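First the structure, in the form of structure tokens, and then the observations on it.
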Amino acid sequence: MTTPDYTVDELMVAALSRHLESADQVCNGAASFIPVCAFALARATHAPDLVWLAGAVGLDARPRRVPASTLEAPLWHRASMYMPQLEDFWSYALNGRWLTKFCVRGAQIDRYGNANNSVIGDDYHHPKVRLPGSAGLGDMGSIGKRLLYWTTTHNPRTLVERVDFVTCAGWLRGGDERERLGLAGGPEVVVSDLAVMDFHPRSKRMRLRSVHPGVTVEQVVEATGFDLVIDGDVPETEPPTDEQVRLIREEIDPDGARRREFA
Amino acid sequence: MTTPDYTVDELMVAALSRHLESADQVCNGAASFIPVCAFALARATHAPDLVWLAGAVGLDARPRRVPASTLEAPLWHRASMYMPQLEDFWSYALNGRWLTKFCVRGAQIDRYGNANNSVIGDDYHHPKVRLPGSAGLGDMGSIGKRLLYWTTTHNPRTLVERVDFVTCAGWLRGGDERERLGLAGGPEVVVSDLAVMDFHPRSKRMRLRSVHPGVTVEQVVEATGFDLVIDGDVPETEPPTDEQVRLIREEIDPDGARRREFA
Amino acid sequence: MSKIMSAADAAALIGDGDHVAVQSMGTQGIPMLMVRELIRQQRRDLTVTSVVAGIGIDWLSFKGVMSRFCGPIVSMERFGLCQGFRRGVQAGAINFEEYSETGILARLAAGARNLPFQITRGMIGTDIPALHPDTIRELADPFTGEIVLALRALRPDVCILHAHRGDERGNIQYGGGTIWPDVQIYPKACGRTIVTVEELITEDQTRANPQETVIPHFAVDAVVHAPSGCHPTSFFPGYVYDEAFHEEWVRVSRDPEQAIATIDRYCAADTQQQYLELIGEAALAATRNWRKLA
Amino acid sequence: MSKIMSAADAAALIGDGDHVAVQSMGTQGIPMLMVRELIRQQRRDLTVTSVVAGIGIDWLSFKGVMSRFCGPIVSMERFGLCQGFRRGVQAGAINFEEYSETGILARLAAGARNLPFQITRGMIGTDIPALHPDTIRELADPFTGEIVLALRALRPDVCILHAHRGDERGNIQYGGGTIWPDVQIYPKACGRTIVTVEELITEDQTRANPQETVIPHFAVDAVVHAPSGCHPTSFFPGYVYDEAFHEEWVRVSRDPEQAIATIDRYCAADTQQQYLELIGEAALAATRNWRKLA
């Protein structure tokens, strides 16, 4: 067996990019290196018309490379529009017709795809750890977006039975609860450093779809804080092609900003 | 008796300007030549800091002279800001702290200072005359503005007992009705081509305050479609000073745009 | 795939009975090329929304294209009432669904943001709310009980705008002057967006001045090249309204036959170029002289 | 009467216990001169609202100036959590009144327009609404019965913004890049407005570029000259964030004593000029090099 010529960050970028199409418009928030690389990879390969609103500001930006921040002006280099947030960005985001997919990284993600970026601990007002807070997550889970989760820390502290606080609405308590509240969209996929998950169509429980090359199903089960749904044989996650790896390393992110997510 | 060296349009401009102070911010709408001249006169004399948002767009504009339109770019020549209407103008107008006075010309104005710019006739859906419509009037009467009316057609068709349709909320049916609806502001003055009126503090009925030089109280009563409140002796409207007339004719409106209102 | 197309192809995006939001600010910024094209294609039964409708609505009224106007005002400002519109309403052929400015903007803002309604304090105490029980309701503030008006979301089928520049992807730029609400709100509230532009530019030119882009390409369906496309209305800073044209219109529009003959004459032009030739270089040159008015 | 004043005089417009909206977008656009001045003047018990709070809020937290934060997020983006803020909340010394972005923007938009509330579809299904029974209520659309969330109007006492240029009347101009919501909404929602500016200009210069004016003078109370006034955060297009400064802050802020000593050292500067001398020309030059990051 030869050592594969890619690293897990590149695998994740390629896996996430597969969930993006030419007809989509996406934006990114703070410290979102893997999504930003995935958008660029999708645009360079199978989704050339994917619209990317860099930092929720710069339309179709063409940064020379992924910079050290995904929320600063270097990211929206050569954009065709600097979208004002108040009237424009939020109107397009709320509208329902555009920006229909959104990538989310939560400090906690639970079995129904709810995410927590607010507090760790049982008492919101006296938390063990105060996390940064909702930002746009508190909106994006509720306004019809198809949510694509990523996390570089697939472990029982991140993937939990139930989030301590629902900052971002996923499938709530599963089944049709989301639908009953009139919420469209919802979580579709979780790309972690070990595996790719989706959600069971009826129960809305997180389901193991593939394990990354070199990772076993048992390792994933062990690293997950709840029982994953496992339907039959679990295939291996498709590895990035040589060309995808080359694009990521040479064209998109030569500085390796994506590895900041593994600090 | 010598012929006075001013015309009624100049008298009206001077009379209206007396109701503006340095602390005010005002804007103007379409075909508002008398107010625009009054703003300029106030700024040139007793209210140098009066803020004028030309055409609800151009902040502190300095047009060379009053142009043929009060809603086109020549009016906001040399402005210090082009105020976007959607987010900025309407926020400042609704806010309550700014733009607290507004000049209104209605096709009909009634004894309680309600104005109609919508339809003439009893049946809204089958009007005798379809007027241009509410524009901002339907807002300005309801959002706390102090309303300054002007009209160049003081006759029983303009000054009516009851407007056929309330496009702009005045004192409604008088007394405290406006207050009971929670509406601040309200009509304060009516400057016509014959006289100056205000509103009785309690009943809110229109009250004759002064008649223009050369006009008798009887003529005003005759020209008004309802019984004006008359408290004792009615003085003469203060005529414009020579300097005011000079400013209007030579500096502010040398083309006589103000006389378009008497067509 | 380029979004640049002819006025005729763009007008095909508008069907009989559609609700069309048309940019208009009295004598300013009316996309007249598209107004003429709707007349040429004999569209019927349109509802039109504008902020301050002007000569364009008058033409649509005379030619029977529009059966309903939804907005705050129809007026050519210093040139007075639109006679075709006035007659149409008085005769019962056109329905005027009248709102205040904050009223129509609240309806569009709700549509833009996929919210069921927006609120305003405008119109309270006036006779306007009672006209519209289906789109204006009193609503108690859940915190204090205070009464405000809720305006129901409006989502027109299509909008027509005019701007300074557009590229083939559909990015639209504004190049000076104030931003009217039309440009900011119609593309979000309306199902399809048609923009006529003074100038076609490349995407690289768009990227050179991203701060001037006001509509992102993904919200635009058609870009139509229309130099002097607002004539006889003004479009800052390029040209002012055509005073003589409007005055002639005021004169002929007193008589429906003359009015229709006038409209037909201009609508006979197959292209914007032909239309501008009909207008003549002398008249166009006069509209480029701001000093005449300033 | 000129509105240009010193940071000290501007800070006098802010009292103990005030609710202060502070411009902030993570590592971008924080009016740090005024943040330092509030620390120098030992303000207490402030509530601060920001869209994306950053290092400024961390300093106010460490120095006990702020007892409540009202907004969606506190983060220095790639530099991580604000440790002083985090400790303050965990210790119960600071209350974090958490809203989503559309939530805080709806509250401010209502305040800006003197409306009692604004609605959003954001936060439905999350645990956030239940935290705020006094400011978030479910509301049925009066037309369809659909449930949305009503956000109560917020009217902070004062706001602090940073912009490219200002004149003595108080007109404020922006000169490039995107317009953050702070600039558009705080001056309308807040009782008083303080703006620090990179450059002082004359009113004639303002009139030469009216399309760049973003706040009218009548909504501005104080203009404070602050070249590089957002350092160590960025302000497009003039300068990027100071990477070394932030990294050093991440290091020292793990230890409250070191953190406070660091803050005190910079707050000892009496003027912006003195502060910039403390930072040093080499560090400032590095922030003017966008290429390093782009």
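We name chains A, B, ... by the order of the sequence lines, and we start the count at 1 in each one. All of these numbers come straight from a predicted model, not from anything done at the bench.
Within the 4.5 Å cutoff, the side chain of D/P181 has no heavy atoms near those of the A/F89 side chain. The closest side-chain heavy-atom distance from D/D127 to A/T167 is not below 4.5 Å. The side-chain heavy atoms of A/V57 and D/F236, taken from C-beta on, include no pair separated by under 4.5 Å. When side chains are defined from C-beta on, A/S142 counts as touching D/T126, because their heavy atoms get closer than 4.5 Å.
Around CZ of A/R173, the count of heavy atoms belonging to other residues, nucleotides or ligands within 6.0 Å does not exceed 12. More than 12 heavy-atom neighbours from other residues, nucleotides or ligands sit within 6.0 angstrom of CD on A/E251. Atom CD of D/E138 sits in a sparse spot, with 12 or fewer heavy atoms from other residues, nucleotides or ligands closer than 6.0 Å. Counted within 6.0 Å of CZ on A/R162, heavy atoms from surrounding residues, nucleotides or ligands total more than 12; the atom is thus considered enclosed.
Of all the heavy atoms in A/A68 and D/R78, the pair that sits closest is O-CD, 3.0 Å.
The parts of D/I128 that come within reach of chain A are both its backbone and its side chain, each placing non-hydrogen atoms under 4.5 angstrom from that chain. Heavy-atom distances place both the backbone and the side chain of A/L71 under 4.5 Å from chain D. Within the 4.5 angstrom heavy-atom criterion, only backbone atoms of A/M83 (N, CA, C, O) approach chain D.
Using non-hydrogen atoms only and a strict 4.5 Å limit, the part of residues 121-132 of chain A facing chain D consists of A/Y124, A/H125, A/P127, A/K128, A/V129, A/R130, A/L131, A/P132. For a heavy-atom cut-off of 4.5 Å, chain A lies close to D/E98, D/Y99, D/S100, D/E101, D/T102, D/G103, D/L105 in residues 97-106 of chain D.
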**Request:** Go through D/Y241 and A/S69 one step at a time and tell me if the side-chain contact (heavy atoms from CB on, under 4.5 Å) criterion holds.
**Result:** CA-CA 10 Å; D/Y241 60 88; A/S69 161; 3.9 Å; yes
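Among D/M123, D/E146, D/R86, D/M25, the residue with the largest count of heavy-atom pairs under 4.5 Å with chain A is D/M123. Of the listed residues D/V89, D/T120, D/I124, the one with more heavy-atom pairs under 4.5 angstrom with chain A than any other is D/I124. Counting heavy-atom pairs under 4.5 Å between each of D/Q184, D/R121, D/Q90 and chain A puts D/Q90 at the top. Your options are A/D139, A/N116, A/L86, A/N114, and the one with the most heavy-atom pairs under 4.5 Å with chain D is A/D139. Chosen from A/G170, A/C168, A/A135, A/G133, the residue pairing most often with chain D at heavy-atom distances under 4.5 Å is A/A135.
With sequence neighbours left out, the side chain to side chain donor-acceptor pair (under 3.5 Å) criterion links A/E261 to A/R105, A/W150. Scored by the side chain to side chain donor-acceptor pair (under 3.5 Å) test, D/N95 finds no partners at all (sequence neighbours excluded).
A/E87 CD to D/I179 CD1: the interatomic distance, rounded to the nearest 0.5 Å, is 13.5 Å.
Side chain to side chain, D/T178 and A/Q85 fail the donor-acceptor criterion of an N or O pair below 3.5 Å.
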